[in-house]
Amino acid sequence: MRYSQLLLPTLKETPAEAEVVSHKLLLRAGFIRKITSGVYSYLPLGLAAVRKVERIVREEMNNAGAQEVLLPMVQPADLWIESGRWEKYGPELLRFKDRHQRESCLGPTHEEVITDLVRREVHSYRGLPLNLYQIQTKFRDEIRPRFGLMRGREFIMKDGYSFDASEAEAGKTYETMHYAYHRIFSRCGLKFRAVEADTGTIGGSFSHEFMVLADTGEDTLVICRKCTYAANMEKATAMEPAAPSEEVALLPLAKKETPGKRKVEAVTEFLGITPRELVKTMVYLADGKPVAVLVRGDHEVQPVKLKNLLGAIDVELADDKQVFDATGVPTGYLGPVGLTIPVVADREVARMRNFVVGANEKNFHCLNANLGRDFEVERVADLRMVTAEDRCPLCGAELELTRGIEVGHIFKLGTNYSEALNARFLDNEGQERPFIMGCYGIGVSRTVAAAIEQNHDKDGIIFPLPIAPFQVVLLNLSPNDEAITAAAEGLYTALAKEGIEVLLDDRDERPGSKFKDADLIGIPYRVTVGKSFAQEGLVEIRKRATGETVSLPLAQVAAELGARIRAELA
RNA sequence: CGGGGCGUAGCGCAGCCUGGUUAGCGCGCCUGCCUUGGGAGCAGGAGGUCGGAGGUUCGAAUCCUCUCGCCCCGACCA
């Protein structure tokens, strides 16, 4: 491709709308342009990067035995009503009516459609296992789209769905997909981790997220420094707390005035204790009903764990007014002793003795509260966020908290959808059984953004070779010089013959601009034909990632690059 | 949905508070000269319904009302 013919509008200045580095660079490098909030057009280079990721995804999915299909983006409400998600899915589901006033929606995901297809076409175990995937534009009407391709409303996704005859088969399929995902992200040249995850609104029993490691990631991962344990914050647990020490004598409960001290920090400072000796009482509304949650003063409630414990569809923290309405106590002085709403406790609280709690009275706290003596709770469970001080639940080693970008998510769905949509097959004994399903997503456009978050410097993008829009950018520094131009053109042809994807910068621009643009768009190898060719017959090869440079005679350049690129992609 | 901010040339911004020639600046773009290994220089030029509608006024980018769009923060720890 010739730069002079390419739509590649690079920007010197960063558009004001961009916050994170991948968004800034995608705009500056002329890869994408915004059309409206959370919706982008892909320009040639942006699309080229997307296609690279897609190609790797296709190869690995096909290798893993999956088949590609293409499902509709516009879906009838009927199917969603049948699965129950027309009610459950919230405002993220963009709904509209067609000209016949039929309710429809834009597909944010395709469990309903695929299950409908399979229930119509597959009726026997002989047709199983079946693993279908597609690469398609999805639409989710996010509350707040942001960060460019990282959290758009419209985005390109690979979604796959598997159908198996038994749990054991489904488990194998899950493992196959897990492995395929490892291959995909490895081949994309990304540093990533697979972590245990909560299943969220998709539902199901078991899931892993594939996270690209980057400080700017929106998610926090918990990784063991020693063993293989890795989980996201919603799922991560700490090593079980030690059993309560019976030797600590229970002291008498005592009320103490704590005027104006509401926050943990203020209360503990006032009483001269640490947050580890206090239990805070948080009120949540679980599907609208108040429930109090007890956690140690230095811990935080993990709402997803609470939601799962209660079996609620939605939990949210109550605001001050809701707390007062439910308990008659102003926030800051709440405690479990004498509280009338249901109370659950984090398991850490269960081993504490003689701790401080709110007195359920303005400006008062209680000292020496004890679970079992002064109050009871309905459930004790792991309900808190893991912290960097916690230990690995598997091996007891130190945990590390790090940031990541979710680029893939795989789920064991079980029979959630096949039951809801009555999708059944006959097994080898003539028994009618629901399909055991799994679903497997990859954010293709987000993977491109994540790759940039992970691989960039002050000058621009540094693409991993496998997903770079071009492998080589060839700079003709003097398009008006016959000898140099002839050399560059010849090299362009030679590189193409080597099977190398090359962008020839044949623009009548000054060298500085060409260097700057080459750095910005992040092409892995830069080849320069200029002054040193005119003087010594040498052409420079520079690796974008390392800046390492070699000068070679013109005739050797194509072979050298071909060898390097083949070696890197092998 | 709550709070804040912004819409002026393709991009980044000034002007608005305190209304008044022809609405500016930098970058980019076009023409010419010049220059050619890290976003040069000189000269000339094109490009604006000042987001939209209504209002106040002799007069509105500027003041008022409504509206549309975009961005940021929050919606999770008392």
Integer-rounded Å distance: B/G38 P and A/F515 CZ: 7 Å

Let me check something: any side-chain donor-acceptor pairs from residues 502-513 of chain A under 3.5 Å, sequence neighbours excluded? List them with distances.
residue, atom, partner, partner atom, Å
A/D505, OD1, A/R507, N, 3.2
A/D505, OD1, A/R507, NE, 2.9
A/D505, OD2, A/R507, NH2, 2.9
A/D506, OD1, A/S4, N, 2.9
A/D506, OD1, A/S4, OG, 3.1
A/D506, OD2, A/S4, OG, 2.7
A/R507, NH1, A/D517, OD2, 3.2
A/R507, NH2, A/D517, OD2, 3.1

Closest listed nucleotide, where the reference is the side chain of A/N480 and the choices are B/G39, B/G38, B/U36: B/U36

Nucleotide B/G37, atom C1' - distance to CG of A/D517 in whole Å: 15 Å

Nucleotide of B/U36, B/G39, B/G26 approaching A/S478 most closely (side-chain heavy atoms): B/U36

Donor/acceptor link under 3.5 angstrom from A/E13 side chain onto base of B/G26: yes

Side-chain donor-acceptor contact under 3.5 Å, A/T331 with A/R262: yes

Euclidean distance, atom CG of residue A/D505 to atom C1' of B/G39 [Å, nearest integer]: 13 Å

A/A16 side-chain proximity, nearest of B/C13, B/G69, B/C11: B/C13

Per-nucleotide protein contact string for nucleotides 72-78 of chain B (B base, S sugar-phosphate only, - none; heavy atom under 4.0 Å): SB-BBBB

Base B/G39 paired with A/E509 side chain (donor-acceptor, <3.5 Å): no

Sugar-phosphate, base or nothing in reach of A/D519, heavy atoms under 4.0 Å: base

Distance-only polar pair, side chains of A/E277 and A/T274, donor-acceptor under 3.5 Å: yes

Aromatic ring pairing A/F355/A/F375, orientation class (parallel under 30°, perpendicular over 60°, tilted between): perpendicular

Side-chain donor-acceptor contact under 3.5 Å, A/T220 with A/R403: yes

Selection from B/C70, B/G39, B/U36 that lies nearest to any side-chain heavy atom of A/K34: B/C70

Any N/O donor-acceptor pair, A/R28 side-chain to B/G28 base, under 3.5 Å: no

